[in-house]
**Student:** 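Here it is, the structure, as structure tokens.
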Amino acid sequence: MIVKTLADFNLKQIAASGQCFRLEETAPGRFHLLASDQYLEILDMGGREDTPVGEPYRTYGFSCTEQDFEEFWSPYFDLSADYGAVKRLVPERDRYLRNAVSFGGGIRILRQDLWETMVTFLISQQNNIPRIRRCIRLLCKNYGNAVTDSSGQIHYGFPGPDKLASASEDELRNCNLGYRAKYIQKTAQDVSDGSFCLESVRHMDYPAAREALMSCYGIGAKVADCICLFALHHIEAFPIDTHIRQVLEREYPQGFPVSCYNGCAGILQQYIFYYELFHSGK
DNA sequence: TTTCAGGCCTCCA
DNA sequence: TGGAGGCCTGAA
């Protein structure tokens, strides 16, 4: 296990922010994370939250080598980005956003796998988080590769498009996907036969990637924006779901000042989302 | 029992 | 072209 003290990084907040359904707190302060076929255990060793806005830090133990951390996990957690600089863009007069940033200051936008993110956010539509997690667990167990951790426990990696394309809609429905099974089946087929190219989407700018994603069966504006933000790291993407829509109507009736945030409004969206869901003192 | 959850598609006017 | 209705399922 390697130990790291990290600024603007709180795994509990990241797990609760709902951007990654395979990051789970399995016991207080203990997390496990599956990303594609990689498995990581993480131990929260404490830290400080009562620092000036934007500078919380915590210490974590990671069950990987220094090399794996630097090559895979550090980019995955977006650790080279300065989130303090984003927080400082929020003006003093915007008390709501200042509170949201202070409350969820350890959130980062993960850099997740494109295919995995497409499928998980197809599942997320009109759905709740416990059920989304169950669906993904079933999908991985039925179609993913087994990954054994250091204690010999088996976990399952995320199934690739070919694997899901070979499953029938009824078989996918058995993963509790409901009507979303046909979206996943069709999208997997399109990726598998090359009519939708993941690699080209990776190289598109935000508007082009969003439009390309929305051409997939079952992917609308909200899901496309989530994929752009959480997989392609287009941090200007600003997904609007029912929670965010309510906030915009209540706090920003003139519209959210996207232009103030220098192409990183999506990060602010995550602070707002987390604040709305978990802040009880409003 | 009903509503709603991190929407999207299809149909019809 | 825009709006209404249907869709899986389970927690509250």
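Below, all heavy atoms of this structure are taken into account, side chains as well, without hydrogens, waters or symmetry copies. Chain A is the first sequence line, chain B the second, and so forth, proteins listed ahead of strands; every chain is numbered from 1.
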**Student:** First locate atom CG of A:Asn142, then atom CG of A:Asn174, and finally report the distance between them rounded to the nearest 0.5 Å.
**Tutor:**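 Those atoms lie 8.0 Å apart.
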**Student:** Name the nucleic acid region contacted by A:Arg245, choosing base, sugar-phosphate or nothing; use a 4.0 angstrom heavy-atom cut-off, strictly under.
**Tutor:**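 The residue A:Arg245 makes no contact with any strand.
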**Student:** Please identify each residue that fulfils ring-ring contact (aromatic ring centres under 6.0 Å, His included) with A:Phe69, with sequence neighbours left out.
**Tutor:**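 ring-ring contact (aromatic ring centres under 6.0 Å, His included) list for A:Phe69, sorted by chain: A:Phe62.
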**Student:** Mind checking side chain to side chain donor-acceptor pair (under 3.5 Å) for A:Glu171 and listing every partner two or more places apart, or none if nothing turns up?
**Tutor:**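 Counting only residues at least two positions away or on another chain, A:Glu171 forms a side chain to side chain donor-acceptor pair (under 3.5 Å) with A:Ser168.
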**Student:** When clusters are formed by joining ILVMFWY residues with side-chain heavy atoms under 4.5 Å apart, either directly or through shared neighbours, do A:Tyr96 and A:Val90 land in the same one?
**Tutor:**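 Hydrophobic grouping puts A:Tyr96 with A:Val90.
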**Student:** Side-chain polar contacts of residues 263-270 of chain A - donor-acceptor pairs under 3.5 angstrom, sequence neighbours left out - could you list them?
**Tutor:**
{"from": "A:Gln269", "atom 1": "NE2", "to": "A:Pro239", "atom 2": "O", "distance (Å)": "2.8"}
{"from": "A:Gln270", "atom 1": "OE1", "to": "A:Ser17", "atom 2": "OG", "distance (Å)": "3.4"}

**Student:** Per the ring pair (Phe, Tyr, Trp, His ring centres under 6.0 Å) rule, what does the pair list look like for residues 117-136 of chain A, sequence neighbours excluded?
**Tutor:**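 Checked against ring pair (Phe, Tyr, Trp, His ring centres under 6.0 Å) - neighbours excluded - the pairs reaching residues 117-136 of chain A are A:Phe21-A:Phe121, A:Phe121-A:Phe230.
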**Student:** In dot-bracket, 5' to 3', how would DNA chain B read with Watson-Crick or G-U wobble pairs under 3.5 Å, [ ] for crossing ones and | for pairs to another strand?
**Tutor:** .||||.|||||||
**Student:** Could you measure between the two P atoms, the one in C:dG5 and the one in B:dG6, and give it in whole Å?
**Tutor:** 23 Å
**Student:** Kindly give the cluster partners of A:Tyr39, where membership spreads through any ILVMFWY side chain lying under 4.5 Å from a current member.
**Tutor:** A:Leu34, A:Val147
**Student:** Which nucleotide span of DNA chain C, 5' end to 3' end, has atoms closer than 4.0 Å to non-hydrogen atoms of chain A?
**Tutor:**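 Range of nucleotides touched by chain A: C:dC7 to C:dG10.
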**Student:** I need the CD1-C1' distance between A:Ile219 and B:dC9, as an integer number of Å.
**Tutor:** 13 Å
**Student:** Confirm from the modelled atom types if A:Tyr183 and B:dG7 form a donor-acceptor pair under 3.5 Å, side chain to base only.
**Tutor:** no
**Student:** Contact class for A:Ala221 (heavy atom, under 4.0 Å): base, sugar-phosphate, or nothing?
**Tutor:**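 Answer is sugar-phosphate: A:Ala221 comes under 4.0 Å of backbone atoms only.
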**Student:** Only pairs under 3.5 Å count here: list side-chain donor-acceptor contacts from residues 209-219 of chain A, not counting sequence neighbours, and write none if there are none.
**Tutor:**
{"from": "A:Arg210", "atom 1": "NE", "to": "A:Tyr206", "atom 2": "OH", "distance (Å)": "3.4"}
{"from": "A:Arg210", "atom 1": "NE", "to": "A:Asp225", "atom 2": "OD1", "distance (Å)": "2.9"}
{"from": "A:Arg210", "atom 1": "NE", "to": "A:Asp225", "atom 2": "OD2", "distance (Å)": "3.4"}
{"from": "A:Arg210", "atom 1": "NH2", "to": "A:Asp225", "atom 2": "OD2", "distance (Å)": "3.2"}
{"from": "A:Ser215", "atom 1": "OG", "to": "A:Ala212", "atom 2": "O", "distance (Å)": "2.5"}

**Student:** Listing request: all salt bridge (charged side-chain N to carboxylate O under 4.0 Å, His left out) pairs with a residue in residues 69-79 of chain A, at least two apart in sequence or in separate chains.
**Tutor:**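 Found A:Lys4-A:Glu70, A:Asp78-A:Arg111.
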**Student:** For a ring-ring contact (aromatic ring centres under 6.0 Å, His included) with A:Phe9, tell me which candidate from A:Tyr83, A:Tyr60, A:Trp73 qualifies.
**Tutor:** A:Tyr60
**Student:** Determine the Euclidean distance between corresponding P atoms of B:dT10 and C:dC8; express it in Å to zero decimal places.
**Tutor:**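 Their P atoms lie roughly 13 Å apart.
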**Student:** Summarise protein proximity over nucleotides 1-6 of chain B in one line of letters, 5' to 3': B for base, S for sugar-phosphate only, - for none, counting protein heavy atoms closer than 4.0 Å.
**Tutor:** ----BB
**Student:** Determine whether A:Phe31 and A:Thr26 make a side-chain contact, defined as any pair of heavy atoms from C-beta on separated by less than 4.5 Å.
**Tutor:** no
**Student:** Hey, are A:Arg30 and A:Glu24 close enough for a salt bridge, meaning a charged N less than 4.0 Å from a carboxylate O?
**Tutor:** no
**Student:** Please list residues of residues 163-171 of chain A whose heavy atoms come under 4.0 Å from any atom in DNA chain B, ordered by number; otherwise none.
**Tutor:**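 When residues 163-171 of chain A is checked for heavy atoms under 4.0 Å from DNA chain B, there are no hits whatsoever.
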**Student:** Which residues pass the side chain to side chain donor-acceptor pair (under 3.5 Å) test with A:Asp162, sequence neighbours left out?
**Tutor:** A:Ser192
